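In this chain, residues are counted from 1 in sequence order. Since the structure is predicted, the reported quantities are computational estimates derived from the model, not experimental observations.
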Amino acid sequence: MTRSTSRVADWQRAGTLETIGGHRIFVRERDGDPDLPPLLFLHGYPSSSYDWREAFERIEGHRLVVFDFLGFGLSDKPRDELYSLRIQADIAEEVARRFDGAPVVLVSHDMGSSVATELLARDIDGKLSFTLASALLFNASMVREQASLLITQKLLLSRFGPVLARLTNKPAFLRSFASIFSPSHPLTPEEAADQWALLTHNGGHRLLDKLIHYNRERVTPPTSDRWHNALRDWPGRLELAWAELDPICTEAVLRAVLALRPHTALTRLPGLGHYPQLEDPQRVYDLIQRHASQS
């Protein structure tokens with residue numbers, strides 16, 4: 001069994017496990033000025049809310065909450081779950097209830113930005129249980145047909161996925177994970193150790209083929225149409241932040257998103273790869289702080 005690092009252990013102690021939908025979900029939050037909109041962070045695949053840890057040091061004033069999606073990080077990892085974006089959106093709604101009706105700023109990355117599109121769709125339907133002040137979406141395969149999936153991702157989505165998940169080991173995972181960082185901001189040994197510890201917590205690395213199920217949903221009507229329509233039609237303030245060296249969510253994905261929503265505010269992040277919040281935290285959190293201040 002993989003041992004936790006001291007950094008991950010500190011992170012775990014700073015949060016709590018809350019029962020949501022019959023499962024234990026890891027949540028960390030911080031109080032702030034009740035007159036400012038709270039921020040809800042959604043993380044990506046295959047990592048966890050630990051990606052957003054710098055928010056607690058770099059974001060001023062606002063209430064903050066981060067959590068691990070079901071199957072990820074320190075949350076429960078049931079073996080028999082169908083890991084749908086809808087289930088993860090249900091959890092996000094439940095977590096947002098703590099803000100007692102205050103309009104929420106949604107900040108998301110990768111799979112989290114796909115979950116965000118389901119929340120936007122619920123808002124359009126008049127069924128979202130909290131008020132969205134605005135949304136800031138970082139790189140994600142929101143139009144998955146245009147994404148450049150890694151070979152490992154393609155295999156996990158194939159009939160060989162369960163075998164590959166069972167064979168996943170630290171060197172193989174970290175080679176793949178390191179490949180999506182930019183050359184000028186490579187994956188550090190400390191980050192690698194932390195990410196592996198969180199992935200393998202309660203055997204999560206054996207679920208990678210199940211956790212990537214959302215990539216099938218993104219290309220399967222009617223859900224794919226629902227989420228594309230949400231990007232196009234949601235009437236609120238939506239902003240994109242796009243790392244230009246992302247090898248998965250490439251310029252082609254960005255162009256496809258902008259084709260759905262041509263006048264969306266866009267901040268480009270040159271020189272950064274798939275995990276901009278890990279590669280250049282100051283640039284990313286300055287952007288988040290600016291977006292939140294305008295909500």
Is there a side-chain contact between [X] and [Y] (heavy atoms, below 4.5 Å)?
X      : Y      : answer
Thr117 : His228 : no
Leu260 : Val257 : no
Asp110 : Asn139 : no
Arg24  : Glu18  : no
His205 : Trp196 : yes
Pro78  : Leu70  : yes
Lys77  : His23  : no
Gln153 : Ile248 : yes

- Residues clustering with Ile288 (ILVMFWY side chains joined when closer than 4.5 Å, directly or via others):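 Members besides Ile288, by chain and number: Val8, Trp11, Leu17, Phe26, Leu39, Phe41, Tyr50, Trp52, Phe56, Ile59, Leu64, Val66, Leu74, Val105, Val107, Leu136, Phe138, Leu198, Leu269, Leu272, Val284, Tyr285, Leu287.
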Taking all heavy atoms of [X] and all of [Y], pick out the closest pair and write down the distance.
X      : Y      : answer
Leu231 : Arg261 : O-NH1, 2.6 Å
Glu54  : Pro281 : CG-CB, 4.0 Å
Leu137 : Ala116 : CD2-CB, 3.8 Å
His43  : Asp51  : CB-OD2, 4.4 Å
Val253 : Met142 : CG1-N, 4.2 Å
Ser176 : Thr152 : OG-OG1, 3.2 Å

Under 3.5 Å, is there a donor-acceptor pair between the side chain of [X] and the main chain of [Y]?
X      : Y      : answer
Ser182 : Gly271 : yes
Asn229 : Asp225 : yes
Ser141 : Val143 : no
Thr188 : Glu191 : yes
Asp33  : Asp35  : yes
Ser134 : Leu238 : no

Charged N-O contact under 4.0 Å between [X] and [Y]:
X      : Y      : value
Arg226 : Glu118 : yes
Asp80  : Lys210 : no
Arg144 : Glu217 : no
Glu251 : Arg268 : yes
Asp10  : Arg7   : no

- Only one of Tyr275, Phe69, Trp242, Tyr45 forms a ring-ring contact (aromatic ring centres under 6.0 Å, His included) with His109, so which one is it?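 Answer to the ring-ring contact (aromatic ring centres under 6.0 Å, His included) test with His109 among Tyr275, Phe69, Trp242, Tyr45: Tyr275.
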Drop me the distance from [X]'s [atom1] to [Y]'s [atom2], to the nearest 0.5 angstrom.
X      : Y      : atom1 : atom2 : result
Leu164 : Leu157 : CG    : CG    : 10.5 Å
Asp233 : Asp123 : CG    : CG    : 12.0 Å
Asn215 : Ser114 : CG    : OG    : 7.5 Å
Asp246 : Cys249 : CG    : SG    : 4.5 Å
Leu199 : Ser48  : CG    : OG    : 9.0 Å
Leu207 : Ile212 : CG    : CD1   : 12.5 Å

Classify the side-chain pair [X]/[Y] by whether it contains a donor and acceptor separated by less than 3.5 Å.
X      : Y      : value
His213 : Ser84  : no
Ser49  : Arg28  : no
Arg218 : Thr223 : no
Gln12  : Ser4   : no
His291 : Arg237 : yes

Kindly check if the number of other-residue, nucleotide or ligand heavy atoms within 6.0 Å of [atom1] ([X]) is above 12?
X      : atom1 : result
Arg159 : CZ    : no
Gln294 : CD    : yes
Gln282 : CD    : yes
Ile151 : CD1   : no

- Task: Verify the cluster assignment for Val219 and Leu155: are they in a single hydrophobic cluster under the rule of side-chain heavy atoms below 4.5 Å apart?
- Result: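 No, separate clusters.
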- Could you please spell out the steps behind the salt bridge (Lys or Arg N to Asp or Glu O under 4.0 Å) verdict for Glu239 and Arg290? CA-CA 11 Å; Glu239 183 175 356; Arg290 190 263 306 154; 2.7 Å; yes
- Message: Would Val65 and Val27 count as a side-chain contact (heavy atoms from CB on, under 4.5 Å) here? Give the steps.
- Response: CA-CA 7 Å; Val65 63; Val27 180; 3.6 Å; yes
- Task: Apply side-chain contact (heavy atoms from CB on, under 4.5 Å) to the pair Trp234 and Leu132, showing each step before the final yes or no.
- Result: CA-CA 11 Å; Trp234 186 63; Leu132 270 175; 3.8 Å; yes
- Applying side-chain contact (heavy atoms from CB on, under 4.5 Å), run through Arg63 and Arg98 and close with a yes or a no. CA-CA 11 Å; Arg63 289 170 288 170; Arg98 70 197 59 222; over 6 Å; no
- Message: Quick one, His274 with Phe181, criterion ring-ring contact (aromatic ring centres under 6.0 Å, His included). Give me CA distance, side-chain angles, the key distance, then yes/no.
- Response: CA-CA 6 Å; His274 186 66; Phe181 283 69; 8.7 Å; no
- Task: Might you work through the side-chain contact (heavy atoms from CB on, under 4.5 Å) test for Thr250 and Leu254, ending with a clear yes or no?
- Result: CA-CA 7 Å; Thr250 61; Leu254 175 59; over 6 Å; no
- Message: Before you tell me yes or no, could you show the steps for Phe99 and Phe130 under ring-ring contact (aromatic ring centres under 6.0 Å, His included), namely the whole-Å CA-CA distance, both residues' side-chain angles and the distance that decides it to 0.1 Å?
- Response: CA-CA 8 Å; Phe99 295 131; Phe130 65 95; 8.3 Å; no
- Message: Tell me every residue that passes salt bridge (Lys or Arg N to Asp or Glu O under 4.0 Å) with Glu94, counting only those two or more places apart in sequence or in another chain.
- Response: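 Glu94: salt bridge (Lys or Arg N to Asp or Glu O under 4.0 Å) contacts with Arg97.
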